[in-house]
Amino acid sequence: RKEVEQDPGPFNVPEGATVAFNCTYSNSASQSFFWYRQDCRKEPKLLMSVYSSGNEDGRFTAQLNRASQYISLLIRDSKLSDSATYLCVVKKNTGNQFYFGTGTSLTVIP
Amino acid sequence: EAGVVQSPRYKIIEKKQPVAFWCNPISGHNTLYWYRQNLGQGPELLIRYENEEAVDDSQLPKDRFSAERLKGVDSTLKIQPAELGDSAVYLCASSLDPPPSGKNIQYFGAGTRLSVL
């Protein structure tokens, strides 16, 4: 079983829509959680860390459910510039190894 | 401040040829990672260094891949000989561990896109 699993999509949504991505992780010892964004032919860049209590950054909201071992990312009022692949990343509480999901592809349509 | 620098950006070689990638991490970052990313997949770890020590190379195909991080700063990843299946993007990332505050964050270079013909 993979450490991190995501629905690869693609998600095609109109501008202004709200879209949510989920990600599950297999190791309950996982400690840190992140969402990275990767534009086509570019490197992954940190979008936001995910905190236990949930956190919000503008139109983006991240939540963590440790009991069910899943992480979510909610994007409100989608913009064309949000079109990208969103990577779910998990780090265990020992060592510095990060595990990446396959990414979820989002296209925001005018 | 400069980010993670990788070179070359693109490389096209014939199979069985050798190839090398270079990475210069963010200044002061002690942990360096090499990842391979295939189309439609997330990055997969090849090797992780803490300073000059390779602490996790379990996913590195050691029959043809090698890496080094002399002096604990920049690093090279080599493939010899390259195979068709090695075509991918090779990403380097670095982080500061333990982090000065908050969580570990990895910063990625732009990657080297390798095509093996």
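So you know, we letter chains A, B, ... as the sequences are listed, proteins then strands, and number each from 1.
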**Student:** Does one hydrophobic cluster hold both A/Tyr99 and B/Tyr33, with members joined at side-chain heavy-atom distances below 4.5 Å?
**Tutor:** no
**Student:** Check the pair B/Ile105 / A/Tyr36 against side-chain contact (heavy atoms from CB on, under 4.5 Å), numbers first and verdict last.
**Tutor:** CA-CA 10 Å; B/Ile105 297 173; A/Tyr36 274 70; 3.9 Å; yes
**Student:** Got a list of side-chain donor-acceptor pairs under 3.5 Å for residues 39-50 of chain A, not counting sequence neighbours?
**Tutor:**
residue: A/Asp39; atom: OD1; partner: A/Arg37; partner atom: NE; Å: 3.3
residue: A/Asp39; atom: OD1; partner: A/Arg37; partner atom: NH2; Å: 2.8
residue: A/Asp39; atom: OD2; partner: A/Arg37; partner atom: NE; Å: 3.3

**Student:** Just to be sure I understand the criterion: a residue of residues 100-110 of chain A counts if one of its heavy atoms is under 4.5 Å from a heavy atom of chain B. Which ones qualify?
**Tutor:** A/Phe100, A/Gly101, A/Thr102
**Student:** Quick check: is A/Tyr70 connected to A/Tyr86 through a chain of hydrophobic side chains (ILVMFWY, heavy atoms under 4.5 Å apart)?
**Tutor:** no
**Student:** Checking an interface table here. Which of residues 81-91 of chain B come within a heavy-atom distance under 4.5 Å of chain A?
**Tutor:** B/Leu91
**Student:** Counting heavy-atom pairs closer than 4.5 Å to chain A, which one of B/Gln6, B/Gln37, B/Arg113, B/Gln106 comes out on top?
**Tutor:** B/Gln106
**Student:** Check whether A/Phe34 gets within reach of chain B through its side chain, its backbone, both or neither, counting any heavy atom under 4.5 Å.
**Tutor:** side chain
**Student:** Less than 4.5 Å to any heavy atom of chain B: does that hold for the side chain of A/Gln97, its backbone, both, or neither?
**Tutor:** both
**Student:** Counting only heavy atoms not in A/Phe60, do more than 12 fall under 6.0 Å of its CZ?
**Tutor:** yes
**Student:** May I ask whether B/Val116 and B/Trp34 are part of the same hydrophobic cluster, defined by side-chain heavy atoms of I, L, V, M, F, W, Y residues being less than 4.5 angstrom apart, directly or through others?
**Tutor:** yes
**Student:** Report yes or no: do A/Leu87 and A/Val4 belong to one cluster of Ile/Leu/Val/Met/Phe/Trp/Tyr joined by side chain heavy-atom distances under 4.5 Å?
**Tutor:** no
**Student:** Please indicate whether A/Gln63 has more than 12 foreign heavy atoms, meaning atoms of other residues, nucleotides or ligands, lying under 6.0 Å from its CD.
**Tutor:** no
**Student:** Find out if a path of hydrophobic residues (ILVMFWY) with successive side-chain heavy-atom gaps under 4.5 Å connects B/Val4 to B/Val73.
**Tutor:** no
**Student:** Checking an interface table here. Which of residues 40-70 of chain B come within a heavy-atom distance under 4.5 Å of chain A?
**Tutor:** B/Gly40, B/Gln41, B/Gly42, B/Pro43, B/Leu45, B/Arg48, B/Glu50, B/Asp56
